[in-house]
Amino acid sequence: METGLTIKQVSQQTGLSIDTLRYYERIGLLEPVGRAQNGHRRYTQHDIAWIDLLIRLRNTGMPRAQMVRFAQLRRQGSATATERRIMLEQHQYSLEQHMQELEQHMAALQQKIARIKELEALRDAASHPTHAFRQSETAVSVSNPETK
């Protein structure tokens, strides 16, 4: 009985294409994947967990060369744990810096949107002065019963 997931199953589970999985193995991001008797790849849960980390590193902008270096260090075992931790900490610091920049950009966009909404409101009020006058007249007469 064959165990492990096929490349198609891993592709569906991770969202990576079959070609990407093969490419990752070819460039050393993935260790050579075990094979069934028929020669087809069989991925373990350990492989899936590693692929999930690779996806996270890629999605957070880690350069591919740095990911390959991290994978090489991982294959060397616990003797490289400190170097791998330092790499991850440096990447984390880079992400924190990028997030701060994005927050500043977001604040600027929010201010610009608020200004444009103010301009739109002024424009709309100016283009309908009679309507705006009637609304304010109605508001005054409702709040002041003596005008009735």
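We're numbering straight along the sequence, starting at 1. Every value quoted in this text rests on a predicted model; they were computed, and no experiment measured them.
- When hydrophobic clusters are built by joining Ile, Leu, Val, Met, Phe, Trp and Tyr residues whose side-chain heavy atoms come closer than 4.5 Å, directly or via intermediates, Leu95 is not grouped with Leu57.
- Scored by the side-chain contact (heavy atoms from CB on, under 4.5 Å) test, Gln104 finds no partners at all (sequence neighbours excluded).
- Shown here for Lys8 and Ile18, the closest heavy-atom pair between the two residues is CA-CD1, 4.2 Å.
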Only distances under 3.5 Å count here; give the side-chain donor-acceptor pairs of residues 71-79 to other protein atoms, sequence neighbours excluded, each with its distance to 0.1 Å.
from, atom 1, to, atom 2, distance (Å)
Arg74, NH2, His46, NE2, 3.0
Arg75, NH1, Gly28, O, 2.9
Arg75, NH2, Gly28, O, 2.9

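- Minimum heavy-atom separation, Phe70 to Leu53: CE2-CD2, 4.1 Å.
- Residue pairs meeting the salt bridge (Lys or Arg N to Asp or Glu O under 4.0 Å) criterion with at least one partner in residues 48-61, sequence neighbours excluded, are absent.
- Residues Tyr23 and Leu16 form no side-chain contact, since every pair of their non-hydrogen atoms from C-beta on lies 4.5 Å or further apart.
- Under the 3.5 Å distance criterion, the side-chain polar atoms of Trp50 are matched with a main-chain donor or acceptor of Leu29.
- For the atom pair Met87 CE and Thr82 OG1, the distance stands at 13.5 Å (nearest 0.5 Å).
- The OG1 atom of Thr14 sits 11.5 Å away from atom CD of Gln9, with the distance rounded to the nearest 0.5 Å.
- In Arg35, the CZ atom is crowded: over 12 heavy atoms of neighbouring residues, nucleotides or ligands sit closer than 6.0 Å.
- For the pair Leu54 and Leu30, the minimum side-chain heavy-atom distance is below 4.5 Å.
- Residue Glu25 holds its CD atom at 9.5 Å from CZ of Arg22, rounded to the nearest 0.5 Å.
- Side-chain contact between Leu5 and Arg42: absent, with no pair of heavy atoms (C-beta onward) separated by less than 4.5 Å.
- Residue pairs meeting the side chain to side chain donor-acceptor pair (under 3.5 Å) criterion with at least one member in residues 86-100, sequence neighbours excluded: Thr60-His91, Arg85-Glu89, Tyr93-Gln97.
- Contact annotation: the side chain of His40 never approaches that of Thr6 to less than 4.5 Å [non-hydrogen atoms, C-beta and beyond].
- Leu21 places a side-chain heavy atom less than 4.5 Å from the side chain of Tyr43.
- Both Val33 and Ile27 are members of a single hydrophobic cluster when ILVMFWY side chains are connected at heavy-atom separations under 4.5 Å.
- For the side-chain contact (heavy atoms from CB on, under 4.5 Å) test, residues two or more places apart in sequence or in another chain that qualify with Ile116 are Lys112, Glu120.
- The structure places CG of Leu88 at 11.0 Å from CD of Glu83, a figure rounded to the nearest 0.5 Å.
- Listed by chain and number, the residues in a salt bridge (Lys or Arg N to Asp or Glu O under 4.0 Å) with Arg84 amount to none (sequence neighbours excluded).
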Inset, instruction - Start with the C-alpha gap between Asp47 and Thr44, add the side-chain angles, then the distance that decides, and say whether side-chain hydrogen bond (donor to acceptor under 3.5 Å, both in side chains) holds. - result: CA-CA 5 Å; Asp47 294 326; Thr44 65; 3.2 Å; yes
